[in-house]
Amino acid sequence: MKLKIGVFGAGRGRMMVEVMSQHPDAELVAICDVNQNALNSCKDLAEKYDSHVALYTDFDKFIEHGLDGIVLANYADEHAPYAIKCLKAGINVVSEVLAVKNLEEAKELVTAVENSKAIYAYAENYCYFRSTLEMQRLYKQGDVGEFLHGEGEYVHFIPKTEWGNLTGQNNPNHWRNRTPATFYCTHSTGPLLTITGLRATSVVAMETNSIIGKEYGYKRGDGCVMICEMSNGGTAKFLPWCNFPRTPHAVWYSVYGTKGMMESARWGNTIDTVNIYKEEGQKLDTYVPTFDFETDLSKKISGHGGSDFYTMDYFIASILDREDKHKMIDVYQALDMTLIGTLGAESLKNNNAKIEIPDFRKK
Ligand SMILES: NC(=O)c1ccc[n+]([C@@H]2O[C@H](COP(=O)([O-])OP(=O)(O)OC[C@H]3O[C@@H](n4cnc5c(N)ncnc54)[C@H](O)[C@@H]3O)[C@@H](O)[C@H]2O)c1
């Protein structure tokens, strides 16, 4: 029997509609959004794949539809309260980025996960880029040795002409206008943690001036840098979402180890390319790796280098208890990725002080 899935948020949620409507183990049955145009557009998309969906504008009614799983693609700083509602109702939930907006929410989310039989998954798709997965494989097999330093960057310039569409027509209360410069961080942090299996234990953050921001109407710096101590004693540098002109956008991960160095290529679609240097034999290699797991559907889903399939598929894998379910990102990993930015904001507020990052696996 197919899992009955609902999608909350019909903007980014279109991608989830696309995947869930076609997934062999899922049936997309409901979509919820207050924006009627976005809702209708998602309904049309679902019907293209013969999915007949009920439409809701109220989450509390949507959650009573009789769902096996809910995808949260609502506002980026409002995921935790809705995830907690799902978990309390015993409904499996997968959350778009970010997991939480503060430490209180982190505690409440972990408590809800630990008290629920339902599954919580985190949809950090950049952890499923083919370059991220390949660098994880290379790191695990010891090709660059022990981690010394690593970096993660997500530089995504949004032209002024597109800013209104992305912020509810320049609503100053939209999350893209009011969250701190450190907030949207897991596209930068998530892959490095995934590659190395390490976590950050402390963070220091500094932000740039806000020159582009003055024109756009947001108050944070146009960019920001976060420096972390890592759980093995190494260091890391992250650029969370920075609105610096660079086209189309620049996403980059690097790892320096005791035996060599590896990095993804930086610009646009080159993200799929991996460069690795091994000190032994002084060998340099550049290639585009393939995914080690593909399906007919994964080959059709091109969003974010194909990674958008895997966030949804591993959520389904966990609900169905498939043997590859461990590839899903759980709540503790989600918090490891998210809290770097949450506590980075505390560092900004406190004259760039070093802030310890708690490990929610420890009681
Ligand atoms: N992983 C990625 O690559 C990626 C890319 C883009 C966006 N996102 C994430 O997707 C989410 C949505 O982003 P977006 O680009 O669609 O923009 P957005 O945040 O402006 O859109 C959210 C949508 O949810 C709806 N919504 C919010 N609260 C609601 C409520 N209480 N009831 C009904 N509807 C509600 C809004 O009407 C809107 O259509 C964000 O969390 C963002 O971080 C992720």
Side-chain angles (χ1 to χ4, degrees), residues 6-19 30-43 45 54-63 65 70-86 93-101 105 121-129 132 152 154-156 158 162-180 182-191 194 218 240-241 243 248-249 251 271 301-312 314-315 329 334 337-338 341-342:
V7 171
F8 179 47
R12 164 69 175 156
R14 274 182 76 80
M15 177 51 75
M16 286 66 182
V17 166
E18 185 102 31
V19 178
I31 310 173
C32 177
D33 199 301
V34 281
N35 180 329
Q36 203 63 51
N37 289 340
L39 206 50
N40 289 337
S41 158
C42 273
K43 178 175 182 268
L45 178 65
L55 301 182
Y56 293 89
T57 53
D58 180 349
F59 184 84
D60 291 335
K61 298 211 171 79
F62 163 73
I63 200 177
H65 185 89
I70 289 181
V71 183
L72 300 180
N74 58 314
Y75 298 132
D77 62 342
E78 294 188 5
H79 292 140
Y82 291 99
I84 292 168
K85 278 190 183 195
C86 294
V93 60
V94 55
S95 168
E96 252 301 341
V97 304
L98 283 85
V100 296
K101 69 170 183 294
E105 275 191 359
Y122 187 57
E124 181 37 87
N125 46 340
Y126 287 42
C127 297
Y128 301 105
F129 283 155
T132 308
Y154 174 62
V155 178
H156 185 175
I158 307 209
E162 286 174 28
W163 193 249
N165 283 341
L166 288 174
T167 54
Q169 304 319 312
N170 297 309
N171 178 352
N173 286 324
H174 189 277
W175 64 268
R176 286 190 169 97
N177 274 327
R178 66 173 162 69
T179 48
T182 57
F183 173 72
Y184 202 82
C185 66
T186 67
H187 291 342
S188 325
T189 59
T194 300
Y218 59 77
W241 171 28
N243 198 28
H249 62 284
V251 180
I271 179 66
I301 301 294
S302 57
H304 294 97
S307 64
D308 287 336
F309 167 80
Y310 294 96
T311 51
M312 296 300 107
Y314 292 134
F315 174 54
I329 300 170
M337 297 172 190
T338 302
T342 316

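Worth knowing before you read on, the calculation uses all heavy atoms, side chains too, and leaves out hydrogens, waters and symmetry mates. Quick caveat, the model's predicted, so the values are computed rather than measured. Start at 1 and go down the list; that is how both ligands and their atoms are numbered.
Relative orientation of the Phe59 and Phe62 rings is tilted, given thresholds of 30° and 60° on the angle between their planes. Note on ring orientation: taking the six-membered ring where Trp is involved, the planes of Phe129 and Tyr126 are tilted (angle from 30° to 60°).
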Give one line per pair: atom of ligand 1, protein atom, distance. Only N/O to N/O under 3.5 Å.
from     : atom 1 : to     : atom 2 : distance (Å)
ligand 1 : 1 (N)  : Glu96  : OE1    : 3.1
ligand 1 : 1 (N)  : Glu96  : OE2    : 3.4
ligand 1 : 1 (N)  : Asn125 : OD1    : 2.9
ligand 1 : 1 (N)  : Asn125 : ND2    : 3.4
ligand 1 : 3 (O)  : Asn125 : ND2    : 3.0
ligand 1 : 3 (O)  : His304 : NE2    : 3.2
ligand 1 : 15 (O) : Arg176 : NH2    : 3.1
ligand 1 : 16 (O) : Arg12  : N      : 2.8
ligand 1 : 17 (O) : Arg176 : NH1    : 3.3
ligand 1 : 19 (O) : Trp175 : NE1    : 2.8
ligand 1 : 20 (O) : His174 : NE2    : 2.8
ligand 1 : 31 (N) : Tyr82  : OH     : 3.0
ligand 1 : 34 (N) : Val34  : N      : 3.1
ligand 1 : 37 (O) : Asp33  : OD1    : 2.7
ligand 1 : 39 (O) : Asp33  : OD1    : 3.3
ligand 1 : 39 (O) : Asp33  : OD2    : 2.7
ligand 1 : 41 (O) : Asn74  : O      : 3.0
ligand 1 : 41 (O) : Ala76  : N      : 3.4
ligand 1 : 41 (O) : His79  : NE2    : 3.1
ligand 1 : 41 (O) : Val97  : O      : 2.9
ligand 1 : 43 (O) : Val97  : O      : 2.7
ligand 1 : 43 (O) : Tyr184 : OH     : 3.2

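In this structure Tyr128 satisfies the side chain to side chain donor-acceptor pair (under 3.5 Å) test with no other residue, sequence neighbours excluded.
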Are Arg12 and Asp308 close enough, and set up right, to give a salt bridge (charged side-chain N to carboxylate O under 4.0 Å, His left out), and what steps lead you there? CA-CA 11 Å; Arg12 164 69 175 156; Asp308 287 336; 2.8 Å; yes
Full working for side chain to side chain contact (heavy atoms under 4.5 Å, CB included) between Ile70 and Leu72: CA-CA 6 Å; Ile70 289 181; Leu72 300 180; 3.8 Å; yes
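A donor-acceptor pair under 3.5 Å links the side-chain atoms of Thr167 to the main chain of Trp163, judged by distance alone.
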